[in-house]
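Heads up: the structure comes next, in structure tokens.
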Amino acid sequence: MTDREGAVGAETAGRWPATEAEAVAAQERIRAAADLTSPGPAPGEVRRIAGVDVAYDEESDLLVAAAVVLDADTLEVLEEVVHTGRSGFPYVPGLLAFRELPGVLAALERLRTPPEAVVCDGYGYAHPRRAGLAVHLGVLTGLPCFGVAKSPFVFDHTEPGPSRGDSSPLLDRGRTPPEVVGRALRTQAGVKPVFVSAGHGIGLDHACAHTLRLAPRYRLPETTRVADGLGRRALRELKAGRREPYGAAER
DNA sequence: GCGACAG
DNA sequence: ATCTTGTCGC
């Protein structure tokens with residue numbers, strides 16, 4: 001129907017990349033299909049915003065992908081869903097999307113409350129090929145997506161100012177000339193900054209504005225906090241349930 | 001070749 | 001990501 005769905009079909013119709021070389025090639029296409037120039041929706045223009053995260057159990061190979069939708073103004077949790085699956089791609093720096101997205105997409109499809117934007121736990125534009133998690137998810141869903149990461153990955157930055165809202169550029173010095181790919185943003189005074197980057201359909205300025213609004217009290221945005229909590233809780237209960245037949249079953 | 005390396 | 005207790009502070 002729409003162009004965006006066409007792009008989705010192009011990337012999901014075939015098999016999901018099985019090798020690193022295929023994944024890298026797929027990222028080049030994702031990057032080419034992404035909207036990396038739109039300012040995107042400002043905080044006041046978004047009603048429902050989603051957060052996604054994935055929790056893993058290394059030994060059982062199980063994973064739980066969580067998707068939550070919050071009221072962008074009140075931060076009230078409107079809906080929470082999880083999807084259980086198994087990891088089909090290892091964690092490789094730069095290829096995180098191929099490990100996390102299958103589960104995330106499945107979880108997002110279970111949502112009855114359609115979000116207008118999605119916050120990813122990781123990077124978007126700040127990526128070796130400018131095709132991080134948020135760019136990839138945005139192309140696949142057509143939704144504005146941006147990334148909020150907890151560590152600087154392979155990029156450089158200087159310490160942002162001490163106050164909430166202070167920031168400093170996240171720089172890719174592997175390019176000539178060096179390019180600003182994101183922002184180290186202090187969401188709380190006296191706490192380490194988070195690393196924000198644009199994604200598909202939303203620029204860095206609005207991504208940072210959303211991040212600040214979503215983090216009125218803690219370092220990380222509520223979207224990722226809620227999704228993270230839901231995911232690990234569901235994974236715990238899943239593991240407990242699997243052991244139950246051998247242990248003290250209820251009744 | 002070695003180290004670094006979102007989650 | 002996950003392994004992990006207590007501890008300092010509001």
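The model shown is predicted, which means the values in this text are computed figures rather than measured ones.
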Hey, is the side chain of [X] poking within less than 4.0 Å of OP1 or OP2 on [N], counting only N and O atoms?
| X | N | result |
| --- | --- | --- |
| A:Tyr56 | B:dG7 | no |
| A:Lys150 | B:dA6 | no |
| A:Arg232 | C:dT2 | yes |
| A:Ser151 | B:dC5 | no |

Regarding [X], tell me which of base, sugar-phosphate or nothing describes its non-hydrogen contacts under 4.0 Å with the strands shown.
| X | answer |
| --- | --- |
| A:Ala126 | nothing |
| A:Gly94 | base |
| A:Asp53 | sugar-phosphate |
| A:Leu63 | nothing |

Please state how far atom [atom1] in [X] lies from atom [atom2] in [N], giving the value in whole angstrom units.
| X | N | atom1 | atom2 | result |
| --- | --- | --- | --- | --- |
| A:Arg236 | C:dT2 | CZ | P | 11 Å |
| A:Leu170 | B:dC5 | CG | P | 14 Å |
| A:Arg99 | B:dG7 | CZ | C1' | 8 Å |
| A:Leu220 | B:dA6 | CG | C1' | 13 Å |
| A:Arg173 | B:dA4 | CZ | P | 19 Å |
| A:Gln188 | C:dC10 | CD | P | 15 Å |
| A:Leu96 | C:dA1 | CG | C1' | 9 Å |
| A:Arg225 | B:dG7 | CZ | C1' | 18 Å |

Problem - Carboxylate-amine/guanidinium contact A:Arg186 A:Asp166, below 4.0 Å - result: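 A:Asp166 and A:Arg186: not salt-bridged.
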Exercise for the section: Taking only Lys NZ, Arg NE, NH1 and NH2, and the carboxylate oxygens of Asp or Glu, determine whether A:Lys192 and A:Glu159 approach each other closer than 4.0 Å. Expected result: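 A:Glu159 and A:Lys192: not salt-bridged.
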The side chain of [X] lies closest to which of these nucleotides: [options]?
| X | options | answer |
| --- | --- | --- |
| A:Val154 | B:dG7, B:dA6, B:dC5 | B:dC5 |
| A:Asp121 | B:dG7, C:dT2, B:dA6 | B:dG7 |
| A:Glu58 | B:dG7, B:dC5, C:dT2 | C:dT2 |

Handout entry: Worked check of side-chain hydrogen bond (donor to acceptor under 3.5 Å, both in side chains) between A:Gln188 and A:Arg219
Key = CA-CA 6 Å; A:Gln188 296 295 324; A:Arg219 177 167 93 115; over 6 Å; no
Practice task
Mark yes or no: A:Arg225 above the aromatic ring of A:Tyr218, with NZ or CZ under 6.0 Å from the six-membered ring centre and no more than 45 degrees from the axis.
Solution key: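 Yes; both conditions hold, so A:Arg225 lies above the ring face of A:Tyr218.
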Please set out all donor-acceptor pairs under 3.5 angstrom arising from side-chain atoms of residues 51-65 of chain A, sequence neighbours excluded.
| from | atom 1 | to | atom 2 | distance (Å) |
| --- | --- | --- | --- | --- |
| A:Tyr56 | OH | A:Glu100 | OE2 | 2.9 |
| A:Asp57 | OD1 | A:Lys239 | NZ | 3.2 |
| A:Asp57 | OD2 | A:Ser60 | N | 3.3 |
| A:Asp57 | OD2 | A:Ser60 | OG | 2.5 |
| A:Ser60 | OG | A:Leu62 | N | 3.2 |
| A:Asp61 | OD1 | A:Ser87 | OG | 3.2 |

Problem - Check: A:His200 ring centroid to A:Phe146 ring centroid under 6.0 Å - result: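 Not under 6.0 Å, so no.
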Practice task
Could you tell me whether A:His136 and A:Phe98 have their ring centroids closer than 6.0 angstrom?
Solution key: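 Yes: the rings meet the under 6.0 Å criterion.
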Handout entry: Under the 3.5 Å Watson-Crick or G-U criterion, the dot-bracket string of DNA chain B, with | for inter-strand pairs
Key = .......
Practice task
Indicate yes or no: at least one non-hydrogen side-chain atom of A:Ile49 is less than 4.5 angstrom from one of A:Pro115.
Solution key: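 The answer is no; the side chains never approach within 4.5 Å.
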Problem - Sub-4.5 Å side-chain heavy-atom contact between A:Pro178 and A:Phe155 - result: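 No, too far: nothing below the 4.5 Å cut-off.
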Practice task
Using the six-membered ring for Trp and the full ring for Phe, Tyr or His, decide whether A:Tyr91 stacks on the six-membered base ring of B:dG7 (centres under 5.5 Å, planes under 30°).
Solution key: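 Whether judged by distance or by angle, A:Tyr91 passes, so it stacks on the base of B:dG7.
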Handout entry: Option from A:Thr113, A:Asp73, A:Asp71 for which side-chain hydrogen bond (donor to acceptor under 3.5 Å, both in side chains) with A:Arg47 holds
Key =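 When side-chain hydrogen bond (donor to acceptor under 3.5 Å, both in side chains) is applied between A:Arg47 and each of A:Thr113, A:Asp73, A:Asp71, only A:Asp73 qualifies.
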Handout entry: Pair pattern of DNA chain C in dot-bracket, where unpaired bases get dots and | marks partners in another strand, Watson-Crick or G-U under 3.5 angstrom
Key = ..........
